[in-house]
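Reminder, nothing fancy here: chain letters follow the sequence lines and each chain counts from 1. Because the structure is a prediction, the values reported are computed rather than measured.
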Amino acid sequence: MRIATWNVNSIKQRIENLTAWLKERSPDIVCLQETKTVDDAFPREPLEALGYNVAIHGQKTFNGVAILSKLKFDEVTPRLPGDDADDHARFIEATVSTDRGVLRVASIYLPNGNPPDTDKYPYKIRWMDRLAKYAHERLQLEEPLILAGDYNVIPTADDVHNPAVWTKDALFLPQTRSKFRALTSLGLTDAIRAVSDDKGLYTFWDYQAGAWQKNWGIRIDHLLLSPQAADRLTGAGIDKHVRSWERPSDHVPVYADFAIEAV
DNA sequence: ATGGCCAATATGATTGGA
């Protein structure tokens, strides 16, 4: 079972890159973020033509998440619990059936939080608290659980080209990193860090200032695994080459492989 | 760190991204 996450920065602008990458990497389940469209306008057909079931939770203009799955969905649930007034489309969870029982996958688009001196930062922190509460509850189910998405968190100084530049950014502030550690400390494993201690593993390069050409990247897209998923992890990687394609997203796909099979 | 981008929106200047 191969499970991936990709912030596509508009599903409509990225549909050709997405289908090309799906053919190349053949993931079984894909979590998408920043689809940036209402559900009625989501391009389902080219994805269904490749054998994917499509679960979407979008909104006009901004945000938007989706899950693609070659396995049939058993349950699909949009919205992160904990704040009924939060109308941003940033979370969708689905379950599928496997030889290890229920496999639960969530596609997550955690708020950016910049600039930190506005109400955007406390919204990010509250969202992280809600995510930790949700994760704590889900972990008690003792299922294979994968929380995959754009976390907008640079976990450590090894995950950014020049840490000093980012010290006052919402993605790297001490409180942000502390909240991320609180999340992983519940018992979640960062799939990429389970397979590599290398520096320079990035998932995002800004469109501006030649960031890609200079490799000024950051690692902010993560797959966090419950113990029951981490125990079955066989590999993980970042498809960096996708950033060099025509009309790229500023993020690239991240994937992990598991010794878990469809039934 | 920024000279340099990109996407959506009743299409022209703004907002959001990270």
Distance below 4.0 Å between A/Lys120 side-chain N/O and B/dG17 OP1 or OP2: yes
Whole-Å P distance, B/dA8 and B/dG4: 22 Å
P spacing across the pair B/dA18 / B/dA7, given as an integer number of angstrom: 14 Å
Phosphate contact (B/dC6 OP1 or OP2) by A/Arg14 side-chain N/O below 4.0 Å: no
Touch class at under 4.0 angstrom, heavy-atom based, for A/Lys60 against every strand present: sugar-phosphate
Any A/Asn152 side-chain nitrogen or oxygen under 4.0 Å from OP1 or OP2 of B/dA18: yes
Sugar-phosphate only, base, or nothing, as touched by A/Asn7 at under 4.0 Å among non-hydrogen atoms: sugar-phosphate
Over all atoms of both residues, closest heavy-atom pair of A/Asn9 and A/Arg14: O-NH2, 2.8 Å
Integer angstrom distance from the P of B/dT15 to that of B/dT11: 14 Å
Given B/dA1, B/dG17, B/dA8, the nucleotide with the shortest approach to the side chain of A/Trp216: B/dA1
Upstream residue (5' side of DNA chain B) when A/Ile11 and A/Asp250 are each assigned their closest nucleotide: A/Ile11
Below 4.0 Å: OP1/OP2 of B/dA18 and any side-chain N or O of A/Tyr109: yes
Side chain of A/Ala211 (C-beta onward), nearest among B/dA1, B/dA18, B/dA8: B/dA1
Short side-chain N/O contact to B/dA18 OP1/OP2 from A/Arg219, under 4.0 Å: no
